[in-house]
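Convention: sequence-line order gives letters A, B, ...; per-chain numbering from 1. Here the structure is a predicted model, which means the values were calculated and not measured.
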Amino acid sequence: MNIRKYNKAFQIGLQESMAYRWNVWLEVIALLVISFFAILVWRYISDGTGVEGFSEQELLSYLLLSGFLFTSIHIAGSGDAVNELIKDGGLTFDLIKPWRMPIVFFLWAMAQRVFMSIAAVIGYGLMALGFGIRFWELVTIRGVLLVLPLVIIAILLEHVLFHLLSSLAFWLDQTWGPRLLLRVAMEIGAGTLIPLSLMHPSVRGLFEWLPFRFFGDVPVRTLLGQTTLEQYLPLMAIGIIWLTGVTLLYWIVWSRGIRVYGAVGN
Amino acid sequence: MPGMRHHGRILVQLVSASFKQQLSYRTSFLIVVIAKYLRVAIYFILFESILVTTDVLGGFSRDYVLIHFFTDFVLFLFVSTTFERNLVFGLSKLVQRGDLDGLLTKPLNPLFHIAFYKGDFYDFITLGPLFVALAYLVFRVEPTLEQGLLFLGGVMVALLFILGVSTIFSSFTFRTIENRGAGRVLHAIFRSAQFPSTAFGPWWGTLFLFVIPTGFVATLPTGLLSGLFHIGHLAYGVIFTISLCVIGIWRWNRSLRRYSSASS
């Protein structure tokens, strides 16, 4: 019974994404454009010879794949709707329905991700062909198998992080600022503009402690066979710890927020 | 001149109203401003990291890459404080809600009113220190008077370019109504300006400097300052951007005449 309910929620999400399919395409194109310029600059810098231990193919494959993963995992404007629902009081109507809203939010986001991923495959595929990036020559079967759990962790982590910040709207009304910061940190920390290993050591050290590398750098290095099993297991453990921590925090914030929610808005 | 003064007074009133409105969420205001500074810091680190791998980026030495970086941020914060966000994203909301009709009844030029009806004070607050940093960096390279004037000319071209593109973009809003996705694409294209266009390689560099000239935003002024470009490049920029603005205003007026006033 419960599954049917949530299945319906997912279908509603799919239909909404279909209704705004042009918008979904354009959101993907926007992220593609950012990756495109990053690849142009790094191609110019590497000048056919590579940069700091990366061959040109490795460097461009890294940027392309991290851009693709980021586009597939991250939803532009993630958390906007939740913030608006809380601020405007619209959440009231959803709360009286017989389902758990955090799960519904996740299913709606997953429906959007389905469309984003399809669009990203096409867009980044074309870009790989255009730039002659033969990333498939570097991808290993072991890498493909190992990357799947990491991608699941990344999707859940992205969702929970943004919705955690959006839920602060129960107290702050407007949470656009923290989400903007999170998005920028994610974009850089994921390695869409620069591989993490090429960053300034002090900054690299900071980003290695933060969860953003799970949105690009960690899965991409695994996919390209640059992560040994000895490195992989601790990385998985770190990802799970981050996910558990932020989910717990989200649960606390959401349940406390619901108690202070005034069901009115502007 | 009285017309200019009238519009100037109205601009101050619009900006002041926006400021009060944005300050009503004080905590959020503070967080957004901190977030904006941190965004600049994160991108600064990105460029520092790029400069570790290469001494010269697109023909610019380290000092000029930093000038390029700050020129790009200062210009985008300035246009975002004033007209860019209103034209690219704001007009769409006005049309959807039907609020545009109210605006059109007022005795003001509609394009002026829509472009400046809301000021972004988050960006305004962030702008100040970055402007000081840019001025410091420019004076540090000890430009000649001619180079300084060329740099200012390049900045004016950059502003006109963003105004022209934003006006043309907004004119399509009357037809498309929802343009959030397209607006994000435009922003992403504008963001290419944060890298020197000359660092895109010869073919793409020429394309983004002269044909789809996002390079006008920071690469042209910095190139004029460093001597990489000369007055001929500036002249091309002036002609291009003035043409763009003329087309933008013509298209905007044409679209406005066809505005159906239907809203949801």
query: Could you give the distance from CG (A:Leu193) to CD (B:Gln194), rounded to the nearest 0.5 Å?
result: 7.0 Å
message: For A:Leu26 versus B:Ala182, what's the shortest heavy-atom pair and its separation?
response: CD1-N, 3.5 Å
- request: Among B:Leu30, B:Ile42, B:Ile34, single out the residue with the greatest number of heavy-atom pairs under 4.5 Å to chain A.
  value: B:Ile42
- request: Between chain B and each of A:Leu168, A:Ile29, A:Ile34, A:Ile39, count heavy-atom pairs under 4.5 Å; write down the option with the most.
  value: A:Ile34
Region of B:Ile50 that comes under 4.5 Å of a non-hydrogen atom in chain A: both
message: Can you confirm whether or not the ring centre of A:Trp42 sits under 6.0 Å from the ring centre of B:Phe195?
response: no
- prompt: Non-hydrogen atoms of chain A under 4.5 Å away: do they reach the side chain of B:Thr214, the backbone, both or neither?
  reply: neither
field: chain B contact via A:Arg204 - side chain, backbone, both or neither, heavy atoms under 4.5 Å
entry: neither
message: Please determine whether the number of non-hydrogen atoms from other residues, nucleotides or ligands lying under 6.0 Å from atom CZ of B:Phe78 exceeds 12.
response: no
- request: Start with the C-alpha gap between B:Ser49 and A:Ile194, add the side-chain angles, then the distance that decides, and say whether side-chain contact (heavy atoms from CB on, under 4.5 Å) holds.
  value: CA-CA 8 Å; B:Ser49 302; A:Ile194 178 171; 3.4 Å; yes
A:Leu40 versus B:Trp204, closest heavy-atom pair with distance: CD2-CD1, 3.3 Å
- request: May I ask you to name which of B:Gly205, B:Pro196, B:Gly181 has the most heavy-atom pairs under 4.5 Å with chain A?
  value: B:Gly181
Electrostatic pair A:Glu187-B:Arg191, nearest N-O below 4.0 angstrom: yes
message: Between A:Tyr44 and B:Thr198, is there a side-chain heavy-atom distance shorter than 4.5 Å?
response: no
message: Taking atom CH2 as the centre, does A:Trp22 end up with more than 12 heavy-atom neighbours from other residues, nucleotides or ligands that are less than 6.0 angstrom away?
response: no
- request: For each of B:Thr54, B:Val52, B:Leu46, tally heavy-atom pairs with chain A at distances under 4.5 Å, and name the one with the top tally.
  value: B:Leu46
- request: Using the six-membered ring wherever Trp is involved, compare the ring planes of A:Trp176 and B:Tyr122 and label them parallel, tilted or perpendicular (cut-offs 30° and 60°).
  value: tilted
task: Considering non-hydrogen atoms only, spot the tightest contact between A:Leu180 and B:Ala35 and give its length.
output: CD2-CB, 4.2 Å
task: Tell me, for B:Ser192 versus chain A, whether the close heavy atoms (under 4.5 Å) come from the side chain, the backbone, both or neither.
output: both
Crowding at CZ, B:Phe124 (>12 non-hydrogen neighbours, <6.0 Å): no
message: Atom CZ of residue position B:Phe131 - does it have more than 12 heavy atoms of other residues, nucleotides or ligands inside 6.0 Å?
response: no
- prompt: Is the A:Phe37-B:Phe200 ring centre distance short of 6.0 angstrom?
  reply: yes
query: Between A:Ala30 and B:Ala188, which heavy-atom pair has the shortest distance, and what is it?
result: O-CB, 3.2 Å
Side-chain heavy-atom pair A:Val184, B:Leu38 within 4.5 angstrom cut-off: no
message: Taking side chain as everything from C-beta outward and backbone as N, CA, C, O, which of these in A:Val51 sits under 4.5 Å from a heavy atom of chain B? Side chain, backbone, both or neither.
response: side chain
message: Could you check whether atom NE2 of B:His187 has more than 12 heavy atoms from other residues, nucleotides or ligands sitting under 6.0 Å from it?
response: yes
field: Side chain, backbone, both or neither of B:Ile45 within contact of chain A (heavy atoms, under 4.5 Å)
entry: side chain
